[in-house]
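A short write-up of the structure that comes next.
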Amino acid sequence: MQHIKIGLVSVSDRASTGVYEDKGLPSLREWLDEAVLNPKEYIERLIPDEQDLIEKTLLELVDEQQCSLVLTTGGTGPYPRDVTPDATLAVADRLMPGFGEQMRQVSLHFVPTAILSRQVGVIRKNSLILNLPGRPNAIRETLGGVKDEQGKTLVHGVFAAVPLCIDAIGGPFIETDAEVAKAFRPKNS
Ligand SMILES: Nc1ncnc2c1ncn2[C@@H]1O[C@H](COP(=O)(O)OP(=O)(O)OP(=O)(O)O)[C@@H](O)[C@H]1O
Ligand SMILES: Nc1nc2c(c(=O)[nH]1)N[C@H]1C(S)=C(S)[C@@H](COP(=O)(O)O)O[C@H]1N2
């Protein structure tokens, strides 16, 4: 299996200044460890809600570290200091609107305020960047989707589409644990 480098960015004023312990990075790692079977290297950053710094961090993770996937958590809402989507759009080569659309759809199954997240998905160079909401539970919810008590998928999480997207931009072939997030690749793709 191919090695994959993944950038993880927790954007939170309070977690980055120690007001509370950051649960964003551990939750991202925990979910990815369960879902992705490839050997993985995580590059992690915990930063405040500052647009310049978020942009610089994304540029470093994509251009210098060459992460194939970058997941951010936090700072996607309507509050004045929520600027993660703005920073992500500023470094984007191409928009992938389906990721934001689907995450809001999935999240509506958990919270009626799902539509307040301005989260986006974009491609920069050979990297896919996805914004996730800041509540630690939102990571599992948006990536994994909605499952019934037997674990059967009721609504797909967005991770089902991540491996094919990364194939398309020249990244490593991602294999997943189908119980956690079944990667969908159309036949002959
Ligand atoms: N990185 C994090 N670690 C732990 N808990 C978090 C984190 N981010 C958010 N939360 C929890 O989710 C709630 C809502 O998150 P939200 O992103 O709206 O925080 P916020 O109001 O933007 O503040 P901050 O940027 O300081 O985290 C927070 O009050 C907190 O309980
Ligand atoms: N799956 C999921 N999506 C969610 C939420 C959540 O708890 N779970 N919270 C919503 C709320 S209350 C807000 S304000 C927005 C933005 O959150 P953020 O600023 O922490 O990124 O995400 C929304 N999307």
Side-chain angles (χ1 to χ4, degrees), residues 6-35 42-58 60-61 67 69-92 95-122 128-149 151-162 176 180-182:
I6 304 178
L8 304 178
V9 186
S10 182
V11 182
S12 165
D13 283 332
R14 284 175 288 178
S16 66
T17 52
V19 174
Y20 48 65
E21 190 190 346
D22 176 53
K23 294 204 181 112
L25 295 174
S27 303
L28 285 166
R29 238 185 293 122
E30 191 185 327
W31 193 87
L32 289 164
D33 280 345
E34 284 175 30
Y42 298 122
I43 316 263
E44 303 182 10
R45 300 285 181 265
L46 170 59
I47 57 175
D49 297 77
E50 296 289 347
Q51 184 165 341
D52 284 0
L53 185 54
I54 303 168
E55 285 179 29
K56 274 198 199 106
T57 303
L58 295 176
E60 188 228 334
L61 293 175
C67 294
L69 175 66
V70 177
L71 300 179
T72 72
T73 177
T76 70
Y79 294 91
R81 287 192 59 75
D82 289 332
V83 291
T84 306
D86 311 275
T88 306
L89 291 172
V91 303
L95 309 189
M96 296 297 292
F99 283 101
E101 290 164 7
Q102 178 65 2
M103 283 193 269
R104 282 181 285 275
Q105 284 290 330
V106 177
S107 295
L108 269 180
H109 290 261
F110 299 97
V111 284
T113 49
I115 56 171
L116 298 182
S117 175
R118 303 184 298 118
Q119 58 196 136
V120 297
V122 309
L128 174 65
I129 308 175
L130 299 180
N131 301 147
L132 312 182
R135 279 173 201 272
N137 283 351
I139 292 166
R140 182 167 297 275
E141 293 165 357
T142 52
L143 296 177
V146 186
K147 298 197 161 102
D148 69 12
E149 281 176 7
K152 184 172 164 266
T153 296
L154 301 177
V155 182
H156 289 291
V158 291
F159 208 85
V162 166
T176 65
V180 185
K182 191 172 184 327

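Note that the structure is predicted; figures quoted are calculated from it, not measured. When reading the values below, keep in mind they use all heavy atoms of this one structure, side chains included, and skip hydrogens, waters and symmetry mates. For ligands, and for the atoms within them, numbers begin at 1 and follow the listed sequence.
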Minimum heavy-atom distance A181-F159, with the two atoms named: CB-CB, 4.2 Å

Taking H156's backbone N and O only, do any of them form a donor-acceptor pair with Q102's side chain (distance below 3.5 Å, no angle check)? yes

Checking T72, T73, I43, L32 against L8 for side chain to side chain contact (heavy atoms under 4.5 Å, CB included), the one that qualifies is L32

Nearest heavy atoms of S10 and G24, plus distance in Å: OG-CA, 4.1 Å

Name of the residue among L58, V70, I129, N131 meeting side chain to side chain contact (heavy atoms under 4.5 Å, CB included) with V122: I129

Heavy-atom pair of closest approach, residues P133 and T142: CD-CG2, 4.1 Å

Extract all N/O-N/O pairs under 3.5 Å that connect ligand 2 to the protein, and present each with both atom names and the distance rounded to 0.1 Å.
unit_1   : atom_1 : unit_2 : atom_2 : d
ligand 2 : 1 (N)  : S107   : OG     : 2.8
ligand 2 : 1 (N)  : E141   : OE1    : 2.8
ligand 2 : 3 (N)  : S107   : OG     : 3.1
ligand 2 : 8 (N)  : E141   : OE1    : 2.8
ligand 2 : 19 (O) : T76    : N      : 3.3
ligand 2 : 19 (O) : G77    : N      : 3.0
ligand 2 : 20 (O) : G134   : N      : 2.9
ligand 2 : 21 (O) : G75    : N      : 3.4
ligand 2 : 21 (O) : T76    : N      : 2.9
ligand 2 : 21 (O) : T76    : OG1    : 2.6
ligand 2 : 21 (O) : G134   : N      : 3.1

Compile the protein residues with any heavy atom at a distance under 4.0 Å from an atom of ligand 1; present them by chain, then by number. S10, S12, D13, R14, A15, Y20, E21, D22, K23, G24, D49, D82, G134, R135, P136

Spatial distance of atom CG (L132) from atom OG1 (T76) [nearest 0.5 Å]: 8.5 Å

Donor-acceptor pair, distance only, cut-off 3.5 Å: does the side chain of K23 make one with the backbone of A15? no

Checking T88, D86, T84 against R118 for side chain to side chain contact (heavy atoms under 4.5 Å, CB included), the one that qualifies is D86

